[in-house]
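Worksheet: the structure to be examined is printed underneath.
Counting starts at 1 for both ligands and their atoms, following the listed order. The analysis underlying the following values was restricted to heavy atoms, covering all of them including side chains, and did not include hydrogens, waters or symmetry mates.
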Amino acid sequence: MIAAADVLITSSDAALPVRPARGVKGLEGAAAAWAAANDFTGKPGQVLIVPGSSGTPDHALLGVGEGDVDPMAGRPLTAKLPAGDWRLEGWHAAEANALALAFALGAYRFDRYRAKSAPRPRLAVPEDLDPAATQAVADACFRVRRMVDTPAADMGPAEIEAEAREVAQAGGASIAVVAGDALLEANYPAVHAVGRAAAPHRAPRLIELGWNLDAEDRPLVALVGKGVAFDSGGLDIKPAAGMRNMKKDMGGAAHVLGLAELIMGANLPVRLVVLVAAVENAISGDAFRPGDVLQTRKGLTVEVGNTDAEGRLILSDALTRAGEHRPDLTLDFATLTGAARVALGPELPPLYTDDETLAADLMTASARVGDPLWRMPLWPGYRSSVEAEIADLRNDSAAWAQAGSVTAALFLQRFAPATGSWAHLDVFAWNPRARPGWPEGAEAQGVRAAFDMLQRRFPQG
Ligand code: BES
Ligand code: MN
Ligand code: ZN
């Protein structure tokens with residue numbers, strides 16, 4: 001299993017330099033000739049290994065273009081550099097930090113089921129660049145990706161709980177889990193209804209972490225995650241192509257656990273509550289059905305138009321629970337809709353919030369750390385699309401409204417805490433194509449942007 005410390009090391013005598021190529025203007029002599037012979041123009045993403053007189057690598061050039069350096073410019077490095085030790089030379093301090101993080105994020109591989117894992121290049125990060133902080137961000141993103149990449153057979157509700165216990169233990173948080181039929185007594189009826197068809201050892205559960213809750217002068221941040229270990233679609237069963245990748249439907253849970261790990265690790269001056277609804281949307285004689293009317297923790301009833309719109313059902317109970325803590329800020333992450341990808345594609349998660357300052361702060365953070373987000377509207381004109389025939393709400397919004405990611409967000413909005421502000425991220429959690437530095441498979445989206453925003457809102461004393 002990859003850890004950031006395997007990739008970002010603190011010193012190495014043998015490390016070869018990685019230098020910036022801001023275009024090719026600065027290159028001279030043999031290096032300029034080598035660049036020309038290799039079609040290296042210094043544009044962003046290009047990497048050139050420059051040999052010394054013996055023919056072995058002497059240094060590498062990373063193309064970053066002529067303007068501001070993209071925060072994720074370093075991601076292709078691990079894919080393009082030979083294994084061995086490297087160091088940064090000729091970069092500004094702020095660039096170097098971002099490059100080191102990007103280098104680590106690009107180094108992620110999911111090799112749990114492989115006999116051997118390929119050797120990787122490593123990057124030496126000087127102590128004054130605070131490698132521990134960079135490693136923490138990389139490790140949190142690695143947790144997110146490892147959880148999402150792990151097949152549903154090995155990342156069921158119980159294993160999601162185990163990950164949550166690990167995060168709680170490391171950060172000094174308390175953890176409470178309500179599972180199986182106890183969900184009914186504890187008033188999580190929607191979580192129970194969605195998850196009850198699963199095998200007993202994969203029973204649904206509501207996982208709650210609490211950190212610093214006694215520090216009542218601190219603002220309370222609530223994180224809520226969709227943890228559908230596998231989304232078969234339930235009785236409104238998904239077609240094969242749509243089901244194939246639904247091991248990733250616990251992506252929201254993975255994202256909030258990674259973010260919680262960062263918040264606690266950095267000891268941000270907040271109180272933290274993390275709520276993960278972990279279920280398997282399975283099929284059995286006891287599965288919830290199209291047409292059923294479900295109770296929710298809030299008391300609103302929901303007519304099930306489609307059992308495949310299960311995420312918003314479990315999140316309704318988790319968001320209601322979040323509200324009971326009277327949070328100042330609530331963030332939820334969920335692989336909620338296929339429509340989000342239709343609207344913005346896999347690499348740009350929709351962000352929803354009615355709080356203008358929160359939207360601005362998240363978008364600023366998103367640009368600063370190179371973690372894309374795009375704001376979409378909680379359009380009031382579509383609110384009636386989630387109203388039902390025989391219940392308060394329906395989980396499959398009316399077809400006329402079409403904008404499936406927007407209407408799903410409007411459904412969640414009905415359950416968002418009454419206190420503080422709320423933002424919802426409809427993440428894809430996946431790279432469907434491989435690019436150097438972005439291997440095909442799980443991706444953490446919005447975690448770094450959210451953490452950057454929180455660090456600036458709640459700086460350490
Ligand atoms: N987990 C899916 C959404 C999803 C699909 C996310 C593919 C990422 C990639 C969700 O539970 C779902 O099935 N949503 C349905 C809702 C519909 C039935 C109203 C969808 O988006 O099609
Ligand atoms: Mn579904
Ligand atoms: Zn789902």
Side-chain angles (χ1 to χ4, degrees), residues 148-149 152 155-157 160 190-191 193-195 197-198 204 224-255 276-283 287-292 294 302-316 318 332-350 376 382 385-388 393-412 424-433 440-446:
V148 171
D149 273 327
M155 190 51 66
I160 295 171
V191 178
V194 172
V224 178
K226 170 178 172 180
V228 176
F230 188 73
D231 184 8
S232 71
L235 287 168
D236 283 349
I237 189 166
K238 283 184 184 296
M243 200 189 299
R244 173 62 181 86
N245 220 9
M246 281 299 116
K247 68 174 183 181
K248 77 178 171 79
D249 212 21
M250 31 55 68
H255 279 64
V276 167
V279 304
E280 174 157 3
N281 192 14
I283 296 175
F288 76 123
R289 307 161 192 85
D292 284 355
L294 307 186
V302 185
E303 185 174 2
V304 177
N306 192 317
T307 61
D308 200 7
E310 83 297 338
R312 65 199 77 181
L313 296 172
I314 63 172
L315 287 173
S316 71
D332 82 67
F333 287 74
T335 51
L336 200 61
T337 69
R341 184 196 41 185
V342 176
L344 297 178
E347 294 166 18
L348 190 54
M376 300 244 289
Y382 295 160
S385 74
V386 297
E387 289 165 6
L393 293 168
R394 58 190 280 179
N395 75 331
D396 65 329
S397 50
W400 64 262
Q402 296 193 56
S405 176
V406 175
T407 55
L410 288 170
F411 183 99
L412 295 185
H424 156 60
L425 282 79
D426 191 344
V427 293
F428 197 61
W430 197 261
N431 288 315
R433 61 161 176 164
E440 184 178 338
E443 189 53 85
Q445 299 181 312

Looking only at N/O atoms, are [X] and ligand 1 under 3.5 Å apart anywhere?
X: Asn395; value: no
X: Lys238; value: yes
X: Lys226; value: yes

Protein heavy-atom partner closest to [atom] - residue, atom, separation in Å:
atom: atom 8 (C) of ligand 1; result: Lys248 NZ, 3.2 Å
atom: atom 22 (O) of ligand 1; result: Gly338 N, 4.5 Å
atom: atom 2 (C) of ligand 1; result: Asp231 OD2, 3.6 Å

Open item on the list: If the cut-off is 2.8 Å, does any N/O/S atom of Asp231 fall short of it from the Zn ion (ligand 3)?
Closed with: yes

Open item on the list: Under 2.8 Å from the Zn ion (ligand 3) - does any N, O or S atom of Leu336 fall there?
Closed with: no

Would you be so kind as to tabulate the donor-acceptor pairs closer than 3.5 Å made by side chains of residues 333-343, with sequence neighbours excluded?
| residue | atom | partner | partner atom | Å |
| --- | --- | --- | --- | --- |
| Thr335 | OG1 | Asp249 | O | 3.3 |
| Thr335 | OG1 | Asp249 | OD1 | 2.4 |
| Thr337 | OG1 | Ala340 | N | 3.0 |
| Thr337 | OG1 | Asp426 | OD2 | 2.7 |

If you measure from each non-hydrogen atom of [X] to ligand 1, which part falls under 4.0 Å: side chain, backbone, both or neither?
X: Met246; result: side chain
X: Met250; result: neither
X: Leu336; result: backbone

Task: Listed protein N/O/S atoms, distance to the Mn ion (ligand 2) under 2.8 Å - done: Asp231 OD2, Asp308 O, Asp308 OD1, Glu310 OE1

Open item on the list: Looking at non-hydrogen atoms alone, which of Asn306, Asp308, Asp396 comes nearest to atom 12 (C) of ligand 1?
Closed with: Asp308

